[in-house]
Amino acid sequence: MRWRNRTDTGPAPARAGTAGGVLYQGTAGPPAPAPAPAPPTERIEVSTGAVALPALLTLPRAARALVVLARAGGGERPGRGGDPLAAALVREGFGTLCLDLLTEEERDDRHNLFDIVLLARRARAARDRLRTLSPLPVGYHGEGAGAPAVLAAAAADPGARAVVCVGDRPELAGPAALARVRAPTLFVVGGLDTRGPGLNRLAADWLGCPHQVATVPDVSSPDTDPSAAAAVARLARVWFATHLDRPVPAPARAAR
């Protein structure tokens, strides 16, 4: 390294120093520390009845809350390595448990996609699995047929803190279950979908909790279209960051 002589014109010579044994030059200080490594992802099982569902668990050391990421009937998004939704939530400080609510054999029968009682029971089993690992608050994210399942699960879970639904049939959870949901709920619909937005708004009308319907433009199916993945991840991240740390509002009392 060549330093200026005292007779040189121009700026004063920069000061040298060390950071961790490495020589640096300038007045800005040592180099910024490298970002912390991402927490490892572990393959676990969620037991429900006679079935053990494979799942992927990512649990940051200082997690602020936990999220069940559920879908039903296949698809890669919730369990795929590098999934933008799980990655965005982990960066925000959330632990995630990703799973398909149906086994490979069950996916061959489309009737199972509409068995909301079965799917909701398995979503609650995923929540129970998380609660054996940590006492942190839990939220639900459901895609496709997982959307009505997590709504039905949240209806039976007074500890649920937030719900995100990405699919065109959340009303399949049923008006009775939807009326019992207390966790703030976000519905994500596609701007090119001609049927889904109406069904999502129908489900929203049955809720007795804070809720919102968000639109991802230029897609029909935000739960399956790869081009919608980043937008869905951003919406879910903001919703969970806003609501998961907050207590769920008490239900309003009926006027006498």
Side-chain angles (χ1 to χ4, degrees), residues 38-61 63-90 93-167 170 172-173 177 181 183 185 223 232-233 236 240 244:
T41 295
E42 177 185 359
R43 294 184 180 275
I44 66 171
E45 290 185 341
V46 173
S47 297
T48 168
V51 174
L53 300 171
L56 294 178
L57 171 70
T58 306
L59 190 59
R61 179 171 298 179
R64 56 194 282 193
L66 309 171
V67 182
V68 173
L69 303 177
R71 68 179 301 123
E76 297 180 342
R77 284 251 296 267
R80 183 181 59 186
D83 169 47
L85 172 59
L89 293 178
V90 169
F94 298 118
T96 60
L97 180 65
C98 309
L99 79 163
D100 194 304
L101 299 175
L102 294 174
T103 66
E104 290 188 14
E105 296 77 14
E106 290 168 339
R107 295 171 205 161
D108 294 333
D109 185 351
R110 283 191 55 81
H111 289 90
N112 289 325
L113 296 175
F114 302 97
D115 190 343
I116 307 304
V117 173
L118 171 70
L119 299 178
R121 183 167 65 245
R122 292 180 176 181
R124 291 195 300 272
R127 169 212 62 193
D128 292 341
R129 185 71 172 89
L130 278 178
R131 287 180 175 161
T132 65
L133 301 172
S134 171
L136 290 169
V138 176
Y140 295 89
H141 181 284
E143 296 193 355
V150 299
L151 283 166
D157 179 7
R161 292 290 185 90
V163 180
V164 174
C165 295
V166 189
L172 291 176
V181 176
T185 300
D223 57 318
V232 170
F240 286 127
L244 259 182

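The figures that follow rest on heavy atoms only: side chains count, while hydrogens, waters and symmetry mates do not.
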Derivation of the side-chain contact (heavy atoms from CB on, under 4.5 Å) call for Asp100 and Arg107: CA-CA 10 Å; Asp100 194 304; Arg107 295 171 205 161; 3.6 Å; yes

Summary of salt bridge (charged side-chain N to carboxylate O under 4.0 Å, His left out) pairs that have at least one residue in residues 144-155, sequence neighbours excluded: none

Closest contact, heavy atoms only, Ala183 versus Val163: CB-CG2, 4.1 Å

Residues in side-chain contact (heavy atoms from CB on, under 4.5 Å) contact with Pro54, at least two apart in sequence or another chain: none

Residues forming a side-chain contact (heavy atoms from CB on, under 4.5 Å) with Glu42, sequence neighbours excluded: Ile44, Leu57

Euclidean distance, Leu101 CG relative to Asn112 CG, rounded to 0.5 Å: 11.5 Å

Spatial distance of atom CG (Asp108) from atom OG1 (Thr103) [nearest 0.5 Å]: 8.5 Å

Summary of salt bridge (charged side-chain N to carboxylate O under 4.0 Å, His left out) pairs that have at least one residue in residues 121-140, sequence neighbours excluded: Glu106-Arg122, Arg127-Asp157, Arg131-Asp157

Non-hydrogen atoms of Ala153 and Ala123 that approach each other most closely: CB-CB, 3.9 Å

Side-chain heavy-atom pair Val68, Val150 within 4.5 angstrom cut-off: no

Contacts of Thr41 that satisfy side-chain contact (heavy atoms from CB on, under 4.5 Å) - sequence neighbours left out: Leu56, Thr58

Nearest-0.5 Å distance that lies between atom CG in Leu99 and atom OG1 in Thr48: 10.0 Å

Where Ala147 and Cys165 come nearest, the two heavy atoms and their spacing: O-SG, 3.7 Å

Min side-chain heavy-atom separation Leu59-Pro39 under 4.5 Å: no

Val232 vs His141, side-chain contact (heavy atoms from CB on, under 4.5 Å): CA-CA, chis, key distance, verdict: CA-CA 11 Å; Val232 170; His141 181 284; 4.2 Å; yes

Those residues that, when tested against Arg110, pass side-chain contact (heavy atoms from CB on, under 4.5 Å) (two or more places apart): Leu113, Phe114

Least distance between heavy atoms, Pro170 atom then Pro148 atom: O-CB, 3.9 Å

From CG (Leu69) to CZ (Phe94), nearest 0.5 Å: 11.5 Å

Val67 side chain reached by Leu244 side chain, heavy atoms, under 4.5 Å: yes

Spatial distance of atom CG (Leu102) from atom CG (Leu118) [nearest 0.5 Å]: 6.5 Å

Least distance between heavy atoms, Ala145 atom then Leu119 atom: O-CD1, 3.9 Å

Which atom of Pro60 lies closest to which atom of Gly95, heavy atoms considered: CD-CA, 3.6 Å

Residues which pass side chain to side chain donor-acceptor pair (under 3.5 Å) with Asp109, listed by chain and number, not counting sequence neighbours: His111

Beyond-backbone contact of Leu97 with Leu133, side-chain heavy atoms, under 4.5 angstrom: no

Distance in Å, Leu66 CG paired with Ser134 OG, rounded so as to fall on 0.5 Å steps: 4.5 Å

